[in-house]
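What follows is a short report on a single structure.
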Number of protein chains: 2
Amino acid sequence: MDKKSYHHGELRAALIHAALDMLEQDGPDGLSLRGLARAVGVSSMAPYHHFADRAELLAAVATEGFERLQIRKQDIQAIQPSLREALAAGGANYVRFILDNPNLYRLMRSKEFSDRHRFSALHRAASAPAATLLDLMARFLDEQSLSSPSPIEGAQLLWALSHGIGTLALEGQMRADIAPDLAYQGSLAMIDGWIAGLKG
Amino acid sequence: MDKKSYHHGELRAALIHAALDMLEQDGPDGLSLRGLARAVGVSSMAPYHHFADRAELLAAVATEGFERLQIRKQDIQAIQPSLREALAAGGANYVRFILDNPNLYRLMRSKEFSDRHRFSALHRAASAPAATLLDLMARFLDEQSLSSPSPIEGAQLLWALSHGIGTLALEGQMRADIAPDLAYQGSLAMIDGWIAGLKG
DNA sequence: GTCTTAATCCTTACGATGTAAAGTTTGCAA
DNA sequence: TTGCAAACTTTACATCGTAAGGATTAAGAC
């Protein structure tokens, strides 16, 4: 932690931390490698000893984001009384996460990390929340003896709904204060549509 | 159209056109003012006589995108047998538009145009598809005598669902080939959830 | 304790970008 | 014809990502 030493010692972590701060403060365009280095008090080229390039640093930040999301997801889900409500609450929570971390979420879903080989740590972190949702969905469908939708389809639909609400709210296309509730209600409507639809 | 003249004559339109091409070809990061100027055969600073800055040019491109979307929306919607199916078909069509114009859609929804004063033309163009959907939704709710959800809420939910499916498909989180159908099925599920839910 | 080595960090340099400032060319109106 | 405004160019600067090579230091071997 002594700031005077030639070797920073915690540069990698410090950069990720500074990036998280700078991301939500100045937006994604305000985030530059040079700016980060400046903020941490290190030369422009120092970050390159910990990250091959800008994308790799951003991927590390995004990975951190997925880990935070997963923690929140698990915390919330455990409390719900029923699987139906757990699914809807998961959606609302997802929207809340998006609204709490606008630029981080945008980064997490950025297309520039699509290379699964290069950013394997990111993709591993990203798959955890997806797997949690898929599991919950499968248990719900089983409980309700529904043969349609498939677990994957159902999970994708609920996910897409919350993702859509969250990102639209982020862009000011939707009132942010009611967005989580909208996700809750919308999820319930879709779930009830599945329950009702198949009876006939 | 004579390329040698000092005055291009159609620079503004030519830039927007070139930007649309370059956008889907090289991605949003490959799109630079200088690159555009080069492609059109004009100096780096020429674009600044038609657009105050980069954002203004991009806003014009995005506006063009909303106009194209609106045209497609109207074409599709007229054919549907019922309001219920028109809503679902609208969702599938929206997803198809996203998949057909990935980078254009990303641009259209880019946060950098949130200033409603500066980009009023954009916001006007963007509100047309939204109004069309809202109208359809209101007619449907009226037809079904549903007091909940409200037209706005219902429209936002269907919109968010398709937006979510489309953007997730864009990012490779979802199979693009079945995404439009997923939007169709998901929309129907939600709609049926509204119809069924309120009866009880 | 000294030497070696590898990790960490710095300096310098290049090409690309957005855009500010000021000059040049051209079409059009008086 | 003259004059002016619009369209376009040239030049210049700050900032960015990053390539190449040099300086500093921590850690282990002897």
Side-chain angles (χ1 to χ4, degrees), chain A residues 1-19 21-23 25-62 103 106-107 110-113 115 118-119, chain B residues 1-19 21-23 25-62 103 106-107 110-113 115 118-119:
Chain A
M1 272 281 186
D2 39 11
K3 295 189 170 186
K4 302 288 185 137
S5 72
Y6 187 95
H7 281 195
H8 184 287
E10 303 272 353
L11 225 203
R12 195 193 142 93
L15 285 170
I16 295 178
H17 187 262
D21 284 356
M22 196 169 291
L23 196 58
Q25 199 157 357
D26 304 345
D29 294 348
L31 200 169
S32 68
L33 274 203
R34 293 169 104 108
L36 273 184
R38 228 176 292 135
V40 173
V42 103
S43 85
S44 308
M45 286 302 291
Y48 283 89
H49 290 272
H50 299 274
F51 304 97
D53 56 14
R54 191 186 131 98
E56 221 169 70
L57 200 176
L58 295 183
V61 174
N103 295 323
R106 270 190 266 261
L107 184 68
S110 165
K111 193 196 49 175
E112 66 179 312
F113 307 132
D115 185 336
R118 245 199 103 184
F119 306 106
Chain B
M1 270 281 185
D2 39 11
K3 296 191 169 186
K4 303 288 185 136
S5 74
Y6 188 95
H7 283 196
H8 184 287
E10 303 271 355
L11 224 204
R12 197 194 140 93
L15 284 170
I16 294 178
H17 187 263
D21 284 356
M22 197 169 292
L23 197 58
Q25 199 156 0
D26 305 345
D29 294 347
L31 201 169
S32 70
L33 274 202
R34 294 171 104 106
L36 274 184
R38 229 174 291 133
V40 173
V42 104
S43 83
S44 307
M45 287 303 290
Y48 282 87
H49 290 270
H50 300 273
F51 304 95
D53 56 14
R54 189 186 132 97
E56 221 169 69
L57 200 175
L58 294 183
V61 174
N103 295 321
R106 271 190 265 261
L107 184 68
S110 166
K111 192 196 51 176
E112 67 180 312
F113 307 132
D115 185 336
R118 244 198 105 183
F119 306 107

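First the proteins, then the strands, lettered A, B, ... as listed; each starts at 1. Just so you know, these numbers use all the heavy atoms, side chains as well, and skip hydrogens, waters and symmetry mates.
No side-chain heavy atom of B:N103 sits under 4.5 Å from any side-chain heavy atom of B:L31. Between A:H49 and A:V42, the closest side-chain pair of non-hydrogen atoms is not below 4.5 Å.
Note on A:R38: a side-chain N or O is less than 4.0 Å away from OP1 or OP2 of D:dC16. The side chain of B:S43 contributes no N or O atom lying less than 4.0 Å from OP1 or OP2 of D:dC8. Put simply, A:R12 has no side-chain N or O that comes within less than 4.0 Å of OP1 or OP2 on C:dA7.
Atom-to-atom, CG of B:L15 to C1' of D:dC8 comes out at 12 Å; the value is rounded to the nearest Å. A:L36 has its CG atom 16 Å from the P atom of D:dT15, to the nearest Å. Here the P atom of nucleotide D:dT9 and the CG atom of B:L33 are 14 Å apart, to the nearest Å. Whole-Å rounding puts the A:D29 CG to D:dT15 P distance at 16 Å. As a whole-Å value, the separation of B:E112 CD from C:dG18 P is 12 Å. Across the protein-nucleic acid pair, A:R34 atom CZ and C:dC14 atom C1' stand 11 Å apart, rounded to whole Å.
A distance of 8.0 Å separates CD of B:Q25 from CE of B:M22, quoted to the nearest 0.5 Å.
Salt bridge A:R118/A:D53: present, at least one basic N to carboxylate O contact under 4.0 Å.
Put simply, the residue from A:L58, A:L11, A:I16 that forms a side-chain contact (heavy atoms from CB on, under 4.5 Å) with A:F51 is A:I16.
Near DNA chain D, defined here as any heavy-atom distance below 4.0 Å, the residues from residues 45-56 of chain B are B:M45, B:A46, B:H49, B:H50, listed numerically.
Atom NE2 of A:H17 sits in a sparse spot, with 12 or fewer heavy atoms from other residues, nucleotides or ligands closer than 6.0 Å.
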